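I am attaching a structure below and will ask some questions about it afterwards.
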Amino acid sequence: MSTHLSEQEIQRREKLKELARLGVEAYPAPTFEVNTTSKQIAEEFDAEKKNLQDISIAGRLMSQRIMGKASFGVMQDSLGKVQFYVSRDEICPGEDKSLYNDVFKKLLDIGDYIGIKGYVFKTQTGETTIHVREIKLLSKALKPLPIVKEKDGEIYDAFTDPEQRYRQRYVDLIVNPQVRETFVMRSKLISTMRNFMTERGYLEVETPVLQPMYGGAAARPFKTHHNTLDMPLYLRIANELYLKRLIVGGFDGVFEFAKDFRNEGMSRFHNPEFTMMELYVAFKDCYWMMDLFEEMVEAVVIALHGKTEITVGENQINFARPWKRYTMFEAIKEYTGTDISALDEDGLRAAAKQLRVAIDDTMGKGKLVDEIFGTHVEPKLIQPTFITDYPVEMSPLAKKHRSEAGLVERFEVICNAKEICNAFSELNDPIDQRERFEEQLVLGKRGDTEAMQLDEDFLRALEYGMPPTAGIGIGIDRLTMIITNQPSIQEVIFFPQMRSEVAQLRSEEAKS
RNA sequence: GAAUUCGUAGCUCAGCUGGUAGAGCAAUACACUUUUAAUGUAUGGGUCAUGGGUUCGAAUCCCAUCGAAUUCACCA
């Protein structure tokens, strides 16, 4: 990093020296006891009752309006902002006015942490304000914050550059309150789901992130190496096969909020690490899981918004049960007018061409169906919609359909034109599962970099017997994007992956 | 990985077809005891992402590199 300091950074370092000269500690150690918050003051202050007459609050100084011997300022704590009023002769009752004239007026900066003691009152203009009796510097900021101003709900000079916002999320969180709100909602979403499952008796578990063999999804992994064991390890792309081992072990229901890692392209819908919640429940099938998922998402939306209908981008989306349910063939017929359910591979290829779907010769039956669906149906599914009965070729871990040849017991929910979950009646026939893995091996040899590996230990577990099981994987980031109305995954992940600025900074350093 | 757009003061942005950088906020100084995008006056602050090229002259044109956004491809 360049050692060049801006004018403002130099000034703030000078102020540190001046504070020291005045005997003011810039980074004091003792606890500053707090007994209220900006939120409590805003909600509970009552000028009639004269409550909140002895408060102590800490936060970041966000603006200062100095008018001679009196000043107003705004401080921000974790729950919001509150205005305060300082009068020179009250904080400096004696002859020495340096606390006000020097420390408060000159040596404090926007961004500094301060502690305030005083009482709450309303100004002539009616704003709830803290009348300051004591003010104390708690931590000096050496870098200037972006200054965002607001009047009548209009925001001026918002801090908007996405690169800076993501790289310096701490600054984004300080100056953009709606960003904080989005992440609080993400946290509530997760806790609502966790409670929902825990209340039903399912056990939250943890399974390996470092896996000797990756599996449970079609994706390219990150590879690493363990020095002591001298063996390759992979960062998990899914935890499915481990959770099923636990069902074999006798748990009725297990779930995990898992960070998964996929070494693939990045976009506003893809981050290399992302969060997936997987749940497996014994003695159930995928139709049972449809009801559970529908109920859970409806509960989450109500918990976060107090209603089932929300605005997402241009659309109004209503999560009230029941949601539409289509088989994949029904959905394709509905949206293209073409019934492809009885077609063989050649017929599908012809139908795809007629529907102007981009295909190539390597695509098998399942892939062709998926391409038609992805091109003509998925983009149109805005309201949450179940799609069931997927082709067997695309689903090596799902049980064959109880009545439809060539299909599996599987569903996805599409919402806002994106998949938000994927669920099966889990394949528990160990012989069938071995054959499916073997088909994947063939695909892998043909060069499919996302084909699954054959996991002998998983097959051994199935051979001990896995009960009929329903399983689901829910993309937490995608679900959060929809429920918080955010257009990109980077807006719902605190620290999204970015190209390193290190190379850039180093080359600058080398020159100087 | 490909295409397009973009990178100017701490922040948000201007800078026309090349003539040597500007505004608002922030900062500094002074004034002001209930203001609120506080106000008034004055001042300082920029290797115009980086490196090269064309040119008498480049923030502006060309090439390369770094970084970002959007779209596409792969996927969740």
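Order of the sequence lines sets the chain letters (A, B, ...), proteins ahead of strands, with each chain counted from 1. Worth saying up front: this structure is predicted, and the values here are computed from it rather than measured.
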List in chain and number order the residues that pass side-chain contact (heavy atoms from CB on, under 4.5 Å) with Asp54(A), two or more places apart in sequence or in another chain; answer none if no residue qualifies. Arg133(A)

How is Gly475(A) classified with respect to the nucleic acid when contacts are heavy atoms under 4.0 Å: base, sugar-phosphate, or nothing? nothing

Can the positive tip of Lys399(A) be found less than 6.0 Å from the middle of the six-membered ring of Phe424(A), inside 45° of the ring normal? no

Sorted by first residue and then second, give each salt bridge (charged side-chain N to carboxylate O under 4.0 Å, His left out) pair with at least one member in residues 469-486 of chain A; sequence neighbours left out. Arg186(A)-Asp477(A)

Can you figure out which of A76(B), U33(B), U36(B) approaches the side chain of Ala70(A) most closely? U33(B)

Which part of the nucleic acid does Glu419(A) contact within heavy-atom distance under 4.0 Å: base, sugar-phosphate only, or nothing? sugar-phosphate

Hunt down any stem RNA chain B takes part in, defined as 3 or more consecutive Watson-Crick or G-U pairs whose two distances are each under 3.5 Å. B:1-7 with B:66-72, B:10-13 with B:22-25, B:27-31 with B:39-43, B:49-53 with B:61-65

Identify every side-chain donor-acceptor pair in residues 65-75 of chain A under 3.5 Å, counting partners at least two apart or on other chains, and give the distances.
unit_1	atom_1	unit_2	atom_2	d
Arg65(A)	NH2	Gln83(A)	OE1	2.6
Ser71(A)	OG	Tyr100(A)	OH	2.8

Determine whether the side chains of Asn239(A) and Glu256(A) contain a donor N or O and an acceptor N or O closer than 3.5 Å. yes

Could you note down all residue pairs passing salt bridge (charged side-chain N to carboxylate O under 4.0 Å, His left out) where residues 260-273 of chain A supplies at least one of them, sequence neighbours left out? Arg236(A)-Asp260(A), Lys259(A)-Glu273(A)

Under 4.0 angstrom, heavy atoms only, what part of the nucleic acid is Asn263(A) near: base, sugar-phosphate, or nothing? nothing

Closest to the Lys69(A) side chain, choosing from U36(B), A37(B), U33(B): U33(B)

Nearest-Å distance, NZ (Lys97(A)) to C1' (U33(B))? 12 Å

Name each donor-acceptor pair under 3.5 Å that joins a side chain in residues 367-380 of chain A to protein atoms two or more places apart or in another chain, with its distance.
unit_1	atom_1	unit_2	atom_2	d
Thr375(A)	OG1	Glu371(A)	O	2.8
His376(A)	NE2	Leu355(A)	O	2.7
Lys380(A)	NZ	His376(A)	O	3.1

When the C1' atoms of A68(B) and C62(B) are compared, how many Å lie between them, rounded to an integer? 23 Å

State whether the distance check finds a donor on one side and an acceptor on the other, under 3.5 Å, for side chain Glu163(A) versus base G67(B). no

When we call it a touch if two heavy atoms are under 4.0 Å apart, what does Phe121(A) touch: a base, just sugar-phosphate, or nothing? base

Stacking check: are the rings of Phe72(A) and A38(B) less than 5.5 Å apart at their centres and under 30 degrees in tilt? no

Where the side chain of Arg65(A) is defined as all heavy atoms beyond and including C-beta, which of A69(B), U34(B), U36(B) is the nearest nucleotide? U36(B)

Pairwise C1' distance, U65(B) and C6(B) [rounded to whole Å]: 16 Å

Think Arg499(A) has a side-chain N or O under 4.0 angstrom from the OP1 or OP2 of G67(B)? yes

Given atom CD of Glu9(A) and atom P of U28(B), what is their separation to the nearest angstrom? 14 Å

Under 3.5 Å between N/O atoms: give me all the protein pairs with nucleotides 12-14 of chain B, atom names plus distance.
none

Between G15(B) and G24(B), how far is it from one C1' atom to the other, in whole Å? 15 Å

Residues Glu127(A) and Thr123(A): side-chain donor-acceptor under 3.5 angstrom: no

Closer to the 5' end of RNA chain B via nearest nucleotide, is it Phe274(A) or Ser6(A)? Ser6(A)

ring-ring contact (aromatic ring centres under 6.0 Å, His included) partners for Phe458(A), two or more places apart: none

Taking the side chain of Met67(A) as heavy atoms from C-beta outward, which of A76(B), U35(B), G67(B) is closest to it? U35(B)

Side chain of Lys15(A) only, heavy atoms from C-beta on: which candidate in A68(B), U28(B), U36(B) is closest? U28(B)

At under 4.0 Å between heavy atoms, what does Lys81(A) touch on the DNA or RNA strands: base, sugar-phosphate, or nothing? nothing

Check side chain to side chain donor-acceptor pair (under 3.5 Å) between Ser395(A) and all other residues, then give those that pass, not counting sequence neighbours. Arg410(A)

Do Glu491(A) and Tyr166(A) have side-chain atoms, one donor and one acceptor, less than 3.5 Å apart? yes

Regarding the side chain of Ile66(A), the nearest nucleotide among C32(B), G67(B), G44(B) is C32(B)

For A68(B), does OP1 or OP2 lie under 4.0 Å from any side-chain N or O of Arg167(A)? yes

Does anything in residues 137-150 of chain A come within less than 4.0 Å of RNA chain B? Heavy atoms only, and list the residues if so. Pro144(A), Pro146(A), Ile147(A), Lys149(A), Glu150(A)

Protein-nucleotide distance (Met62(A), atom CE; C25(B), atom C1'), rounded to Å: 14 Å

Under 4.0 Å between a side-chain N/O of Arg268(A) and OP1 or OP2 of U71(B), yes or no? yes

Of the options U34(B), U28(B), G45(B), whose atoms approach the side-chain atoms of Tyr85(A) most closely? U34(B)

Ignoring the backbone of Ile489(A), work out which of A26(B), U36(B), A76(B) is nearest its side chain. A76(B)

For Asp89(A) and for Gly126(A), locate the closest nucleotide of RNA chain B by heavy-atom distance; then report the residue assigned to the nucleotide nearer the 5' terminus. Asp89(A)

Considering only NZ, NE, NH1 and NH2 on the basic side and carboxylate oxygens on the acidic side, decide whether Arg21(A) and Glu18(A) come within less than 4.0 Å. yes

Could you work out the separation of A23(B) and A42(B) based on their P atoms and round it to a whole Å? 13 Å

Can you check the distance between A49(B) and A69(B), where both ends of the measurement are the C1' atom (answer in whole Å)? 16 Å

Just to verify, what does Tyr119(A) make a side chain to side chain donor-acceptor pair (under 3.5 Å) with, not counting sequence neighbours? His131(A)

I'd like to check the ring-ring contact (aromatic ring centres under 6.0 Å, His included) partners of Phe411(A); sequence neighbours left out, ordered by chain and number. Phe386(A)

If you look at every strand shown and take non-hydrogen atoms under 4.0 Å, does Met276(A) touch a base, only sugar-phosphate, or nothing? nothing

